[in-house]
Amino acid sequence: QVQLVESGGGLVQPGGSLRLSCAPSGSIFSIGAMGWYRQAPGKQRELVASITNRGSTNYADSVKGRFTISRDNAKNTVYLQMNALKPEDTAVYSCNADLQLTFRSGRTSYWGQGTQVTVSS
C-alpha cells in the first residue's frame, strides 16, 4: 500500500526553525495538490498551507510570513519550512496529497501518519 511519509518534526525553542518533508512511500502515477495540516490537543484540525501543481499557494493567517510551502515535482515531495516558531505552533503536522496510483485509477486523497512539532522553552 502506498503511504505518505512525513519527516522533520521535533522539539525546538520559540523563534527556531524546522523543515518538514512529505513524499509517497512507493511509486505513483501522478500527484495533484498537496498540503500540510495540523492538530493540537483539544483543537480542530486546520489547514496550514497548500500548494497546487502549478505552484499556487495558500496559508493560514496565523503562519503567513513565517511558513513557506514548496514542492519538488521530480521527487514527488512537498516541504514546509517553518521559521520564527511559536508555542502555539505546537501540534501534530500531517501531510495530505491527491494521488493517482495507476494509469486507470482516479485521484484519491491520502494522509500521512503525522509528525510531532513541539515549540517550547
Side-chain angles (χ1 to χ4, degrees):
Q1 288 271 40
V2 171
Q3 296 179 330
L4 292 176
V5 181
E6 304 106 329
S7 63
L11 173 64
V12 297
Q13 293 185 336
S17 297
L18 285 173
R19 190 191 191 211
L20 307 183
S21 301
C22 171
S25 62
S27 63
I28 60 171
F29 185 75
S30 68
I31 186 168
M34 306 182 77
W36 288 96
Y37 293 74
R38 68 185 182 187
Q39 187 168 28
K43 303 286 188 178
Q44 290 187 225
R45 185 181 64 192
E46 65 173 341
L47 175 66
V48 178
S50 63
I51 185 167
T52 68
N53 302 60
R54 301 299 183 105
S56 297
T57 59
N58 283 296
Y59 297 92
D61 289 340
S62 60
V63 307
K64 287 181 179 177
R66 300 188 297 119
F67 291 10
T68 302
I69 188 171
S70 61
R71 64 190 293 164
D72 185 338
N73 290 331
K75 298 180 179 179
N76 291 325
T77 301
V78 63
Y79 305 94
L80 185 67
Q81 178 66 47
M82 305 185 294
N83 299 324
L85 283 162
K86 304 175 180 179
E88 49 263 46
D89 295 319
T90 296
V92 174
Y93 285 70
S94 299
C95 176
N96 175 265
D98 295 327
L99 303 180
Q100 183 178 355
L101 302 186
T102 71
F103 76 96
R104 63 181 182 179
S105 62
R107 281 179 175 170
T108 303
S109 180
Y110 283 76
W111 290 89
Q113 81 288 349
T115 184
Q116 177 70 46
V117 172
T118 302
V119 185
S120 177
S121 59

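Basis for what follows: all heavy atoms, side chains included, without hydrogens, waters or symmetry-related copies. Numbers for residues simply follow the sequence, beginning at 1.
Residues L99 and F29 do not share a hydrophobic cluster, clusters being chains of Ile/Leu/Val/Met/Phe/Trp/Tyr side chains in contact below 4.5 Å. Cluster membership check: Y37 does not share its hydrophobic cluster with L80, using side-chain heavy-atom separations under 4.5 Å among Ile, Leu, Val, Met, Phe, Trp and Tyr. No continuous path of hydrophobic side-chain contacts links V78 to L47 [ILVMFWY only; heavy atoms under 4.5 Å].
The heavy-atom pair separating R71 from I31 by the smallest distance is NH2-CG2, 3.6 Å. Looking at every heavy atom in both residues, N76 comes nearest to P24 through O-CD, 3.2 Å. Considering all non-hydrogen atoms of both residues, V119 and T90 come closest at N-OG1, 2.9 Å. Of all heavy-atom pairs spanning Y79 and T77, the tightest one is CZ-CG2, 3.4 Å. For the pair G114 and S94, the tightest heavy-atom approach, listed with the atom from each and the gap, is CA-OG, 3.7 Å. Nearest heavy-atom pair across C95 and M34 is SG-CE, 4.5 Å.
Among residue pairs with one or both ends in residues 99-121, none qualify as salt bridge (Lys or Arg N to Asp or Glu O under 4.0 Å); sequence neighbours excluded. Among pairs with a residue in residues 11-28, those fulfilling side-chain hydrogen bond (donor to acceptor under 3.5 Å, both in side chains) read S17-N83, at least two apart in sequence or across chains.
Side-chain N or O atoms of Q113 include none that pairs as donor or acceptor with a backbone N or O of V5 at under 3.5 Å. For Y59 (side chain) and I69 (main-chain N/O), a donor-acceptor pair under 3.5 Å exists by modelled atom type. Side-chain atoms of E6 do not come within 3.5 Å of backbone N or O of C22 as any donor-acceptor pair. N96 places a side-chain N or O within donor-acceptor distance of the main-chain N or O of Y110, the cut-off being under 3.5 Å. Remark: the backbone N or O of Q100 is not paired with any side-chain donor or acceptor of S105 at under 3.5 angstrom.
Salt bridge D61/K64: present, at least one basic N to carboxylate O contact under 4.0 Å.
The distance from the CZ atom of R38 to the CZ atom of F67 is 5.5 Å, given to the nearest 0.5 Å. Here CE of M82 is found 9.5 Å from CZ of R66. Values are rounded to the nearest 0.5 Å. We find the OG1-CD1 distance between T102 and I28 to be 11.5 Å, quoted to the nearest 0.5 Å. Distance check, rounded to the nearest 0.5 Å: OG1 of T118 to CG of L18 gives 9.5 Å.
With sequence neighbours excluded, the residues forming a side chain to side chain contact (heavy atoms under 4.5 Å, CB included) with K43 are A40, listed by chain and number.
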